[in-house]
Structure formats: structure tokens, C-alpha cells
Amino acid sequence: MSPSNKSIVLLGGGAREHALAWKLTQDGASVHVLPGNAGIPNSHPHISALDFPAIKSFCEEHGAKLLVVGPEAPLAAGVADYFVGSDIRVFGPGRAGATLESSKVWSKNFMRRHGVATAMSWQFRSDKLAEARAKATELDGQVVVKFDGLAAGKGVYVCSSIEEAHAALDDLEAQHSGWFSFLLEAKLSGPEISIIGITDGTAIRLLAPSQDHKQLLAGDQGPNTGGMGAYCPVPFADDNILAAIRTQIIDPTLEGIQAEQFDFRGFLYFGIMLTPQGPKLLEYNARLGDPEAEVLLPALQSSLLELVEATFAGTLAQTTVRQRPGHYVGVVLASGGYPASGFATGFPISGLAELHPGILAFHGATRRNDAGELTTNGGRVLVLVGHGAELEDAVQYVYREAARVNFQDVYIRTDIGQRPEPVLATNW
Ligand code: AMP
Ligand code: GLY
């Protein structure tokens with residue numbers, strides 16, 4: 001590739017995009033981020049990731065021939081379709097492929113069509129809430145209610161009683177007006193694991209297995225968030241488990257993508273629960289996970305740029321992925337009050353300059369105020385990532401350093417990377 005071709009435009013503005021920009025820059029690319037944020041070099045806050053004409057003009061002005069998409073919204077809005085026929089290549093699926101993430105009902109039907117292992121489920125429209133209540137009662141409230149649309153990780157209600165299930169359905173009705181669809185899913189149990197790969201729709205190259213910590217409070221308690229921290233690799237994800245995931249979930253998915261002729265180049269995320277009956281797919285995302293990306297990209301020794309290029313060149317199947325040794329732990333520094341709405345932001349952030357140089361600090365939601373100070377600007381403000389030879393080393397290192405960073409009402413979940421080792425069935 002000639003140097004001029006290494007100009008990349010990256011869409012998005014959170015800590016995942018900071019990690020992507022950091023990695024692609026290490027790989028030798030010159031990266032511009034739309035809109036980015038105060039902590040990401042070469043951010044352009046006046047250009048929205050959804051303003052496709054402005055993105056196109058920007059790419060033309062900067063000679064960028066490669067667009068890498070971080071978040072789901074531009075994918076679901078069809079950014080890859082918009083650039084078809086231009087000389088700008090988009091790393092991220094078209095609208096059809098993005099539906100794997102953007103519609104829970106559609107993706108569940110896709111899983112069924114292609115024999116992907118997943119939970120039993122029942123589909124309803126908003127005029128059938130009474131039937132859904134009856135079904136939830138029949139299942140003794142052991143259900144998960146899933147709104148059929150993008151909801152930033154907040155459209156899912158995991159219920160443990162009939163009262164909770166009915167309350168979830170009431171909430172769904174209160175939150176959404178007009179027609180909507182939703183799923184009732186049988187509630188499964190077991191540890192969760194995120195498997196994320198880079199695919200060209202035929203081959204897939206997997207990054208390290210990782211685990212998110214979606215709930216706000218230690219011990220997996222409290223409301224679901226966009227993710228409070230992540231770590232990789234996952235010590236219990238052995239070859240046996242990964243082989244079962246491959247044959248029961250990943251391979252049938254790729255066969256489905258080919259059978260349905262999706263134009264799919266990008267990250268593909270499998271959110272999996274390891275149940276006593278085997279691995280079950282909870283969800284697809286058509287992008288990198290956040291905060292998984294913030295640990296997976298530092299752990300990736302191979303050039304991400306080369307892997308991305310391989311998806312366009314048709315050489316992904318011959319490309320190997322090398323991981324760095326050791327363990328990576330990322331903790332989110334969040335605004336107090338998140339994930340409820342109405343929490344305060346705009347607080348100055350201190351301590352970043354004192355961090356040990358081995359710590360990576362990815363900015364999720366920061367901005368500079370009129371005085372030029374770095375301030376909080378959203379729920380998940382920063383993700384700090386530490387590395388260690390053992391998982392416990394990485395945990396201690398990142399928490400020690402996180403204590404140096406401060407802003408008013410900062411909240412950090414205290415048990416990232418410290419879940420007890422699960423006991424798993426091995427006779428899948
Ligand atoms: P999803 O967005 O579909 O991945 O759901 C968000 C979270 O809800 C998952 O990470 C799980 O913790 C939980 N969840 C989703 N589906 C199920 C299920 N069928 N059984 C138990 N928990 C679930
Ligand atoms: N970490 C979960 C997600 O990105 O959806």
C-alpha cells in the first residue's frame with residue numbers, strides 16, 4: 001500500500017473509537033475521527049458520523065479511501081450502502097448485515113433459519129401485550145424481554161418473577177409509542193463471553209475471547225449499562241468451549257451470511273452464554289464491542305490495518321492473527337448517576353498526566369470547556385487499560401492507577417476481571 005492510501009477516516013466518538021484510532025495509528029495509518037472527542041487526536045467534532053455527504057466530502061479532501069465504522073448507528077443507517085460505487089471502501093457491513101444487530105426479531109429469525117444455537121423465543125407486536133403477559137406467566141416470569149430495535153444496551157429486561165416480567169412489559173409500553181415489536185426469550189443461565197471476529201463474510205479471524213461487565217454494580221447487580229469494564233483473554237474459554245462455539249454458532253452464522261448474500265466486511269460480535277446445554281447466542285453486534293475493544297486492540301499483536309485490508313483483498317483466510325501474551329483489563333470511569341438520565345457532566349478531570357506510562361487511557365466522553373480544561377461529557381467518561389502477566393496483576397495495576405484519576409461523582413465498578421471461575425459442563 002502506498003503511503004497516501006494509509007489515510008483512514010474513522011466514524012464514532014467513544015472509547016472504542018479511541019482504541020481503534022490508537023491501534024490503526026500504530027499500524028502506520030493516518031487516522032481522522034468523525035466526530036471523535038477531546039481525547040482522540042485528529043477529531044473533527046463538527047462532523048456527525050451520520051452525515052454521509054459531509055463524510056464523503058471529508059474523505060475526498062483528505063484523500064482517504066478507507067472508512068472504518070465504530071458504532072452501530074451509521075451502519076444501521078446504511079453508511080456502507082451509501083458509498084457503494086464510490087472509490088471509498090467501508091469496513092463495516094451494509095444495512096442488511098447490520099440488521100443482525102439492529103433488529104432483535106430479525107436476527108432471531110436469522111439464527112433459526114441457519115441453525116445457530118440460541119434461546120427459545122416468542123415474537124410479539126405491541127398490540128399483543130396481553131398475550132405476552134400470558135406467555136410470561138406461563139413461563140413463571142423466567143423470561144427476558146427484548147425490544148426490537150437499537151437501544152444502546154438498554155432495551156433488554158432480564159426477569160426473575162411474573163411481577164418483574166409484567167413490569168418489564170408495562171415499561172416497554174410506556175417507553176415506546178406507536179407500533180413496535182419485541183421478543184420474549186426463555187431465560188438462560190451461565191457465564192457470558194464475547195467472541196469478536198474480523199470477517200469478509202466468508203472467512204473469520206477471531207480476536208481473543210473477552211468478557212464485558214454490563215451491570216452497574218459489583219457482583220453483576222443493578223441496572224444494565226453500555227458496559228462498565230472488560231478483560232481478555234478469558235481463562236476458562238478453553239479449546240473445547242471455543243470449538244463448540246465455532247461449530248454451533250460461528251460456522252452456521254457465516255453460512256447464513258453467504259446464503260443470504262450479505263455484503264459483510266467488518267467486525268462481527270457474538271454475545272454468548274455458556275449454558276449447561278451448550279453455548280447459546282444471545283445477540284450479534286455488527287461492530288466491535290465497547291468496552292471489549294479497549295482491551296482487545298491492545299492485546300492484538302497483528303496489524304489491524306493488514307487484517308482490514310485482507311477483507312478487501314480476499315486474503316483473510318490466509319492471514320493469521322497473533323495475540324500479545326498476558327492479560328488486559330479495562331475499567332470504565334463513569335459519571336455518577338449513569339445509566340439513568342439526567343446526571344451532571346462538565347466536571348474537570350484531574351490525574352491523567354500522573355498515570356503510569358504503561359496504562360492506556362481511552363476517552364469515551366470528554367470535552368474541553370471554554371477555559372481549555374478537560375471535562376466530563378457523558379456517562380462513560382474514560383476507560384483505563386492495564387496489562388499484566390497474570391490476570392490478577394493486570395487487575396491490581398489498573399485499579400491502582402484508576403485511583404489517581406478524579407472528577408466529581410466519579411464511579412468505578414470494583415470487580416472488573418474478578419468473577420469467580422465458573423464450573424462448566426464439558427459434555428456439549
Ligand atoms: P442482549 O442485548 O440481547 O445481549 O442482552 C443484554 C444482556 O441481557 C445479555 O448480556 C445478558 O446478560 C442478558 N440476556 C440476554 N438474553 C438472555 C437470555 N436469554 N437469558 C439470560 N440472560 C439474557
Ligand atoms: N459490550 C457490549 C456491546 O458493545 O454491545
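Counting starts at 1 for both ligands and their atoms, in listed order. Sequence positions, counted from 1, serve as the residue numbers for this chain. Predicted model, so just to flag it, every value in this text is computed and none were measured.
Considering backbone and side-chain atoms together, Asn285 places an N or O closer than 3.5 Å to an N or O of ligand 2. Between Leu188 and ligand 1, at least one N/O pair is under 3.5 Å apart. At least one N or O atom of Asp290 sits closer than 3.5 Å to an N or O atom of ligand 2. Considering backbone and side-chain N/O of Glu292, one or more are found under 3.5 Å from N/O of ligand 2.
Contact atoms of ligand 2 toward Gly289: 4 (O) (distance under 4.0 Å to a heavy atom of the residue). When each atom of ligand 1 is checked for a heavy atom of Lys146 under 4.0 Å away, the hits are 3 (O), 15 (C), 16 (N). In summary, the atoms of ligand 1 found under 4.0 Å from a heavy atom of Lys187, numbered by their order in the structure, are 20 (N), 21 (C). Taking every non-hydrogen atom of Met273 and a distance limit under 4.0 Å, the qualifying atoms of ligand 1 come out as 21 (C), 22 (N). Those atoms of ligand 2 that come under 4.0 Å of a heavy atom in Asp212, given as number and element, are 1 (N), 2 (C).
In this structure, the protein non-hydrogen atom closest to atom 5 (O) of ligand 2 is Arg287 NH2, 2.9 Å.
Note on ligand 1: Lys104 sits in its first shell, one or more heavy atoms being nearer than 4.0 Å. Within the structure, ligand 1 lacks Lys280 among the residues with a heavy atom less than 4.0 angstrom away.
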query: Given the rule in the ring-ring contact (aromatic ring centres under 6.0 Å, His included) test, do His32 and His44 qualify, once you have shown the distances and angles that lead to the verdict?
result: CA-CA 8 Å; His32 287 276; His44 299 269; 5.0 Å; yes
- prompt: When you look at Tyr82 and Phe52, which way does the ring-ring contact (aromatic ring centres under 6.0 Å, His included) test go after all the steps?
  reply: CA-CA 7 Å; Tyr82 180 86; Phe52 302 159; 5.5 Å; yes
side-chain contact (heavy atoms from CB on, under 4.5 Å) assessment of Leu300 paired with Leu207: CA-CA 7 Å; Leu300 177 65; Leu207 304 178; 4.0 Å; yes
task: Report the C-alpha separation of His176 and Phe182 in whole Å, then their side-chain angles, then the decisive distance to 0.1 Å, and conclude whether the ring-ring contact (aromatic ring centres under 6.0 Å, His included) test is met.
output: CA-CA 11 Å; His176 304 283; Phe182 60 98; 9.8 Å; no
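A cation-pi arrangement is present between Arg89 and Phe312 under the rule of less than 6.0 angstrom and at most 45 degrees off the ring axis. A cation-pi contact, defined as under 6.0 Å to the ring centre and within 45° of the axis, is absent between Arg112 and Trp106.
Contacts of Val156 with ligand 1, taken as heavy-atom pairs under 4.0 Å, involve the side chain alone. Of all the heavy atoms of Val158, the ones lying under 4.0 Å from any atom of ligand 1 belong exclusively to the side chain. Of all the heavy atoms of Ala186, the ones lying under 4.0 Å from any atom of ligand 1 belong exclusively to the backbone.
Taking every heavy atom of both residues into account, Gly219 and Asp415 meet most closely at N-OD2, 2.7 Å.
When only modelled atom types and interatomic distance are considered, Ser210 and Tyr328 share no side-chain donor-acceptor pair under 3.5 Å.
Ring pair Phe91/Phe267: centre-to-centre distance below 6.0 Å.
Using a 4.0 Å cut-off between charged side-chain N and carboxylate O, Glu283 and Lys214 make a salt bridge.
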